[in-house]
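Note sheet for the following structure.
Just so you know, these numbers use all the heavy atoms, side chains as well, and skip hydrogens, waters and symmetry mates.
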Amino acid sequence: MNKLKRTLALVATLALATTAFVGCGDDSSSSAPANNSSKTESKVDDSSTGDSSKAENKVPNTGSTLSILCWTGDDIKAMKDCFLANNSDVKDSDITWVQCGTKGGDAAENYTQYFAGDEDVDLYIAEADWIMTFINDDAVSAPLSNLGLTDDDFKTNYDYIKQIGTDSKGVLKGTSWQSTPGGFAYRADLAKEYLGASTPAEMQEKVKDWDTFMESAKTISEKTEGKMNMTATIGGLWQVFSYNRAQAWVDKDNKLAIDDSCTKFMNMVKEMRDKNYVSGEDQWGDSWFALGANGDTFGYFVCSWCFGDDTSTFGKMQGGKDNENFGKWGFVKGPQEYAWGGSWLCLSPKADNGELAEKFVKFFCSNEETMKTYAEFKGEFVNSYNVMKSIVDAKTNKSALLADGQDQFATMIEVAAGINLDGKITPYDATIKNDYIDAVNGYVKGDTASVEDALKAFKTKVASDLPEQLTWE
């Protein structure tokens, strides 16, 4: 058993000790904040600035630099640049980072190896699908309260971000500078031609639920003689569905939970693929980007971190600024609220630069003034309803990637307010979700003959991957 599996085994032991995250009902054993299932609940206290100066920072200050472990340097580079520009007392040499793998899954294994050694690390970045592996292991994660941070520091953060960063004992171990709400990006010019939708509001009515989404897909297919997909990939559809399951992947008895949404999703994507409403391309390959650039797809499911300039993920989908389809897109909520990925700052038990670590976390994840500075510095949808509302209300954000400079944040702030993961997070989500989408793809491609066979293959694969972690009959 490698180090990662030993870590997962420890996670399983912790998970069995509590139902805070594996249960499907009331999460009364967790100290995680209540869900923000309505826009009103997510607005919280407009006056909060995250001031917890009375709390004690217990982390020593014996280290020479703030060392941050990450799997990609893109975010950290921008964060460091912004932090240095707004903190004249901090030098460039005071902050270093170690890049440990370029993909989230690879990084999780590399992190485990890194933590096993004597290398320096104060903070580290964990990805949504595997953060639970680390924050449920006290050997590699420490409470953020060790930095002198309290609930008041994160009062205006989105609840679902706190839920993901809270371990199975109800201890906050990770926080994020970003929220990653997603939506449906579509060709605005073609929406008017094929669907009669001239505005984002009119387009939202054409994709307001999955039945309507399918009707619009049929219309576009008929008007293009089957040549244009409604959306680019099954993976994009899956991002939406994965955030909207009614319960956790593991039930209160520590058994795999296969609910009706699993069957519904398989049936829907099989029909979509058979009718060419969705392409057969995989995400992240050149052909995925080419679908939008070449005009072969009507839309993509994208999220906050896809936006930026013409070299961003969404910019590449449009073929760059010189492509004839560049800037002809619109953005709407789509059939359901969802988020995609995300990154959390976690505290290492080895941390030895407490004051700077606290200052760094507060700058990006707590203080509304500096969070707004970063939101405007990078074009980031930050983890604060108050901050994002102030930007949306000011009407200052105009995206070069969207027709008429549409503000994607105005849509995303509505999406983020509707995301609720309370009681639906488990330490095994990365493994289970990967096994499920593999089963979906197998069914769509004809490797399995029916939904029943596909679900059986899914259950068999999870049993093979998590034989000791879950309860099997």
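For CG of D118, the number of neighbouring non-hydrogen atoms (other residues, nucleotides, ligands) closer than 6.0 Å is 12 at most. Atom CD of E119 has more than 12 heavy atoms from other residues, nucleotides or ligands within 6.0 Å. Annotation: K350, atom NZ; neighbour count of heavy atoms from other residues, nucleotides and ligands within 6.0 Å is above 12.
Taking the six-membered ring for Trp and the full ring otherwise, W340 and F301 have centroids separated by 6.0 Å or more. Checked against the 6.0 Å centroid criterion, the rings of W130 and W71 qualify as a close aromatic pair. Two rings, from Y300 and F314, have their centers 6.0 Å or more apart. Taking the six-membered ring for Trp and the full ring otherwise, W305 and F381 have centroids separated by 6.0 Å or more. You'll find the ring centres of F241 and W238 outside the 6.0 Å limit.
Side-chain atoms of D429 never come within 3.5 Å of backbone atoms of D129 as a donor-acceptor pair (strictly under, hydrogens ignored). Within the 3.5 Å criterion, the main-chain N or O of Q283 finds no donor-acceptor partner in the side chain of T233. The backbone N or O of F409 lies less than 3.5 Å from a partner atom in the side chain of D407, making a donor-acceptor pair. Formation of a donor-acceptor pair under 3.5 Å by the K173 side chain with backbone atoms of I135 is found in this model. D253 contributes no side-chain N or O that, together with a main-chain N or O of K255, makes up a donor-acceptor pair within less than 3.5 Å. Panel note: side chain S304, backbone S179; a donor-acceptor pair is recorded below 3.5 Å. Looking at N244, its side chain does come within 3.5 Å of a backbone N or O of E337 through a donor-acceptor pair. No donor-acceptor pair under 3.5 Å is formed between the side chain of S343 and the backbone N or O of I125. Side chain of D81 to backbone of A78: no donor-acceptor contact under 3.5 angstrom is found.
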For this session: Assess whether salt bridge (charged side-chain N to carboxylate O under 4.0 Å, His left out) is satisfied between D438 and K433, documenting all intermediate values.
Result: CA-CA 9 Å; D438 284 347; K433 288 193 293 186; over 6 Å; no
For this session: Output, in order, the C-alpha distance, side-chain angles, deciding distance and verdict of salt bridge (charged side-chain N to carboxylate O under 4.0 Å, His left out) for K456 and D453.
Result: CA-CA 5 Å; K456 183 178 179 180; D453 289 344; over 6 Å; no
For this session: Run the numbers on D309 and T311 for side chain to side chain donor-acceptor pair (under 3.5 Å), then give the verdict.
Result: CA-CA 5 Å; D309 59 19; T311 64; 2.5 Å; yes
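Stacking of K270 on the aromatic ring of Y443 is recorded, both the 6.0 Å distance cut-off and the 45° axial limit being met.
Partners of R245 by side-chain contact (heavy atoms from CB on, under 4.5 Å), not counting sequence neighbours, listed by chain and number: Q247, W249, A257, D259, S261, C262.
At a cut-off of 3.5 Å, with distance as the only test, a side-chain donor of N383 or N157 sits close to an acceptor on the other residue.
Within the 4.5 Å cutoff, side-chain heavy atoms of L347 are placed close to those of L123.
Note that OH of Y374 is 12.0 Å distant from CG of N86, once rounded to the nearest 0.5 Å.
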